[in-house]
Amino acid sequence: MIVQIIAKRTLRVFWDGHPQARTPLQSWFAVVSKSAWNGPADVKEEFGAMVDFVADNRVIFDISGDKYRLVVRVAYSHKRVLIKFVGTHADCDKIDARTV
């Protein structure tokens, strides 16, 4: 069973204001929507150093050479990824990825 991504509109709204983010976010979406993660090790295997893990099954993805950050909450058992935050690296530094 592949992963279902929830709150895709969040990505579209962000890239409407940051057009240079569109292609890297679409690439991320394409990869994740074909994934079948069972746990954090699967995410790490697929994205390597471009991911960090925080509390509550949240994953921070470095997008476009770390210009942007994407915070998601993964429900591994349900194969769902909920987009919690997308923004610039500087914007991400202002939030708490564990609670956003």
Side-chain angles (χ1 to χ4, degrees):
M1 184 169 163
I2 60 171
V3 170
Q4 175 189 14
I5 301 170
I6 301 169
K8 297 173 260 200
R9 186 175 185 281
T10 304
L11 297 178
R12 289 188 197 108
V13 168
F14 182 75
W15 75 50
D16 283 347
H18 299 83
Q20 64 279 15
R22 182 180 186 144
T23 299
L25 287 170
Q26 286 177 326
S27 295
W28 174 88
F29 185 89
V31 169
V32 173
S33 64
K34 294 177 184 166
S35 298
W37 301 332
N38 292 309
D42 294 332
V43 179
K44 190 69 168 175
E45 183 178 324
E46 193 154 21
F47 285 94
M50 295 178 2
V51 295
D52 293 304
F53 300 92
V54 294
D56 194 30
N57 284 329
R58 294 181 189 232
V59 183
I60 303 170
F61 291 89
D62 298 332
I63 306 292
S64 190
D66 209 16
K67 284 183 187 176
Y68 308 104
R69 292 234 173 127
L70 181 61
V71 179
V72 304
R73 185 174 185 280
V74 182
Y76 296 102
S77 60
H78 298 290
K79 304 292 187 218
R80 290 192 181 120
V81 173
L82 174 61
I83 297 169
K84 301 295 279 181
F85 170 87
V86 60
T88 66
H89 187 134
D91 290 339
C92 191
D93 287 343
K94 297 174 188 172
I95 64 153
D96 183 351
R98 298 170 299 173
T99 59
V100 68

Asp66 side chain near Met50 side chain, heavy-atom distance below 4.5 Å: no

Going by ring pair (Phe, Tyr, Trp, His ring centres under 6.0 Å), name the pairs with one or both residues in residues 68-100, residues two or more places apart or in two chains. Phe14-Tyr68

Which residues pass the side chain to side chain contact (heavy atoms under 4.5 Å, CB included) test with Lys67, sequence neighbours left out? Ser64

Output for pair (Gln26 CD, Arg12 CZ), nearest 0.5 Å, gives 9.0 Å

Going through the checks in order, is the side chain to side chain contact (heavy atoms under 4.5 Å, CB included) test met by Trp15 and Thr23? CA-CA 9 Å; Trp15 75 50; Thr23 299; over 6 Å; no

Heavy-atom nearest pair, Ala36 first then Asp42, reads O-OD2, 4.2 Å

Can you name the closest pair of heavy atoms from Glu46 and Ser35 and give their distance? OE1-OG, 2.8 Å

More than 12 heavy atoms from other groups under 6.0 Å of CD on Glu45: no

The test is side chain to side chain contact (heavy atoms under 4.5 Å, CB included); show your working for Asp62 and Val51 and say whether it passes. CA-CA 6 Å; Asp62 298 332; Val51 295; over 6 Å; no

Looking only at heavy atoms, which two atoms of Ala7 and Leu82 are closest? And how far apart? CB-CD1, 4.2 Å

Parallel, tilted or perpendicular: ring planes of Trp37 versus Phe61, cut at 30 and 60 degrees: parallel

With rounding to the nearest 0.5 Å, note down the distance linking OG1 in Thr10 to NZ in Lys84. 10.0 Å

Pick one: which of Leu70, Val72, Val81, Val74 meets side-chain contact (heavy atoms from CB on, under 4.5 Å) with Val32? Val81

Say whether Leu11 and Val13 are linked into one hydrophobic cluster, either directly or through other cluster members, by side-chain heavy-atom distances under 4.5 angstrom. no

For the pair Asp56 (side chain) and Arg58 (backbone), establish whether a donor and an acceptor sit closer than 3.5 Å, ignoring hydrogens and angles. no

Carefully, step by step, assess Phe53 and Ile60 under the rule side chain to side chain contact (heavy atoms under 4.5 Å, CB included). CA-CA 6 Å; Phe53 300 92; Ile60 303 170; over 6 Å; no

Euclidean distance, His18 NE2 relative to Thr88 OG1, rounded to 0.5 Å: 6.0 Å

Residues which pass side chain to side chain contact (heavy atoms under 4.5 Å, CB included) with Ile2, listed by chain and number, not counting sequence neighbours: none

Could you see if Val100 belongs to whatever hydrophobic cluster contains Val86? Use Ile, Leu, Val, Met, Phe, Trp, Tyr and a side-chain cutoff under 4.5 Å. no

Within one Ile-Leu-Val-Met-Phe-Trp-Tyr cluster: Ile6 and Leu25, side-chain cutoff 4.5 Å: no

Verdict with reasoning, Arg69 to Asp93, per side chain to side chain contact (heavy atoms under 4.5 Å, CB included): CA-CA 9 Å; Arg69 292 234 173 127; Asp93 287 343; 4.1 Å; yes

Same cluster (ILVMFWY, side-chain, under 4.5 Å), Phe29 and Phe47: yes

